[in-house]
Novice: 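Supplied in structure tokens, the structure appears directly below.
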Amino acid sequence: MSESNNTTPPTSEKLQKVLARAGLGSRREMETAIADGRVKVNSQVAKLGDRVEARDKVSFDDRPVTLRPEEEVPRRVIMYNKPEGELCTRKDPEGRRTVFERLPRLKGERWIAIGRLDINTSGLLLFTTDGELANRLMHPSTQVEREYAVRVMGKVTTAMIEQMHSGVIIDGNLCRFTDIQFYAGEGINQWFHVVLIEGRNREVRKLWESQGLRVSRLKRVRFGPIFIPS
């Protein structure tokens, strides 16, 4: 074999990445599915770390998966205005309404939520059929800003705002708003707009609660460069 500097790059890809691109779920969800033995490659149960090529036969829950290169996969992205009371889950054991019940029906693909909002939070949610895109937008390294409108009960002082801006240790993590702006209202019922990067579980509420205040309404109005329409 003659040596050459122009080596052909490998054509194999991580299995979870290929499954995510096929619209079966986020990359993290696909890693869980592989670990649970739900994925087979060439009729053999797959394991985490497996890589696949275009010629491989892949199945998910014993249904064949069509492997397509990234440039051939259509990306669908929709914006959804979530009301309070809906859950960001596919099925709820208690029968409560979920965000997925209201989305357009798909054939051969499924919607993947880009991030989550808790049941009492309303506003902007993004959904896509591209699990790889969802993974990139949710990963902390992408530094995507999230902006919320917050109605706060209680007297807000300058010292509180400075504390939340510089950071508060919550559940062992340093949490902070990168921007806090007064929006409207007076007395004990005021609206603020706040911006944060990572958006951990209930982080907005917990930051205000760390100052002895209560959030009575919370709505996400922006994700990255995308604003929810008025």
Side-chain angles (χ1 to χ4, degrees), residues 1-80 82 87-92 98-117 124-146 197-201 222-226:
M1 181 183 295
S2 60
E3 293 185 2
S4 171
N5 290 329
N6 297 321
T7 56
T8 303
T11 56
S12 66
E13 294 184 281
K14 289 182 178 179
L15 179 57
Q16 62 265 31
K17 181 177 180 180
V18 172
L19 293 171
R21 191 164 66 226
L24 295 168
S26 68
R27 196 192 293 191
R28 184 176 297 175
E29 288 174 328
M30 292 303 96
E31 288 172 350
T32 300
I34 294 167
D36 290 344
R38 298 170 62 192
V39 182
K40 293 179 181 177
V41 178
N42 301 324
S43 301
Q44 300 295 314
V45 176
K47 61 183 183 301
L48 284 173
D50 282 355
R51 300 179 71 89
V52 293
E53 300 179 5
R55 65 174 179 266
D56 289 320
K57 304 295 184 185
V58 178
S59 65
F60 183 84
D61 288 340
D62 293 322
R63 292 190 294 269
V65 177
T66 301
L67 305 185
R68 291 183 290 179
E70 188 168 5
E71 60 272 14
E72 291 182 11
V73 178
R75 279 198 182 101
R76 295 181 177 88
V77 181
I78 60 172
M79 189 165 47
Y80 180 68
K82 175 192 173 298
L87 292 168
C88 290
T89 186
R90 294 189 186 277
K91 292 182 180 179
D92 178 51
T98 77
V99 293
F100 290 95
E101 295 171 18
R102 308 274 288 271
L103 303 183
R105 299 295 178 188
L106 295 171
K107 186 176 181 180
E109 298 176 299
R110 67 176 187 166
W111 293 114
I112 301 160
I114 300 174
R116 302 167 67 90
L117 294 175
L124 176 63
L125 265 177
L126 297 177
F127 293 87
T128 181
T129 55
D130 185 342
E132 266 301 287
L133 176 62
N135 182 69
R136 285 185 218 140
L137 290 175
M138 287 189 286
H139 200 278
S141 65
T142 56
Q143 298 282 290
V144 177
E145 288 187 340
R146 290 111 160 128
I197 298 294
E198 205 161 327
R200 296 183 181 91
N201 184 36
R222 177 170 68 90
F223 188 96
I226 301 172

Novice: For the residue pair Glu53 and Leu67, what are the closest heavy atoms and their distance?
Specialist: O-CD1, 3.5 Å

Novice: To the nearest 0.5 Å, tell me how far Ile34 CD1 sits from Leu19 CG.
Specialist: 5.5 Å

Novice: Would you confirm whether Arg110, through its side chain, and Leu24, through its main-chain N or O, come within 3.5 Å as a donor-acceptor pair?
Specialist: yes

Novice: Nearest 0.5 Å please: distance from the CZ atom of Arg27 over to the NE2 atom of His139.
Specialist: 8.0 Å

Novice: Any idea which heavy atoms bring Leu125 and Cys88 closest together, and the distance?
Specialist: CD1-SG, 3.6 Å

Novice: Mind checking salt bridge (Lys or Arg N to Asp or Glu O under 4.0 Å) for Asp56 and listing every partner two or more places apart, or none if nothing turns up?
Specialist: none

Novice: Mark yes or no for whether Thr129, through its side chain, and Arg76, through its backbone, hold a donor-acceptor pair below 3.5 Å.
Specialist: yes

Novice: When rounded to the nearest 0.5 angstrom, what is the spacing between CG in Asn135 and CZ in Arg28?
Specialist: 8.0 Å

Novice: Check whether any side-chain heavy atom of Leu124 sits under 4.5 Å from a side-chain heavy atom of Met79, and report yes or no.
Specialist: yes

Novice: Can you find a heavy atom in the side chain of Leu48 that is under 4.5 Å from one in the side chain of Glu31?
Specialist: yes

Novice: With side chains defined as the heavy atoms from C-beta onward, is the minimum distance between Thr32 and Asp36 less than 4.5 Å?
Specialist: yes

Novice: Taking all non-hydrogen atoms of both residues into account, name the closest pair between Gly37 and Val45 and its distance.
Specialist: CA-CG1, 4.0 Å

Novice: Of Val52, Val58, Val65, which meets side-chain contact (heavy atoms from CB on, under 4.5 Å) against Val18?
Specialist: Val52

Novice: Roughly how far apart are Ser59 OG and Gln44 CD, rounded to 0.5 Å?
Specialist: 10.5 Å

Novice: Arg75 and Arg136: which non-hydrogen atoms are nearest, and at how many Å?
Specialist: NH2-NH1, 3.8 Å

Novice: For residues Arg21 and Asp130, report the shortest heavy-atom separation together with the two atoms involved.
Specialist: CA-OD1, 4.2 Å

Novice: Write down the atom of Pro104, the atom of Ile78, and the distance for their closest heavy-atom approach.
Specialist: CD-CD1, 3.9 Å

Novice: My understanding is that only residues two or more places apart in sequence, or in another chain, count here; which of them pass side chain to side chain donor-acceptor pair (under 3.5 Å) with Lys47?
Specialist: Asp50

Novice: Ignoring hydrogens and geometry, is there a side-chain-to-backbone donor-acceptor pair from Arg51 to Ser12 under 3.5 Å?
Specialist: yes

Novice: As an exercise, state the distance from CG of Leu133 to CD1 of Ile112, rounded to the nearest 0.5 Å.
Specialist: 9.0 Å

Novice: Residues in salt bridge (Lys or Arg N to Asp or Glu O under 4.0 Å) with Asp62, at least two apart?
Specialist: Lys40

Novice: Applying the ring-ring contact (aromatic ring centres under 6.0 Å, His included) criterion to Phe127, which one of Phe100, Phe223, Trp111 satisfies it?
Specialist: Phe100

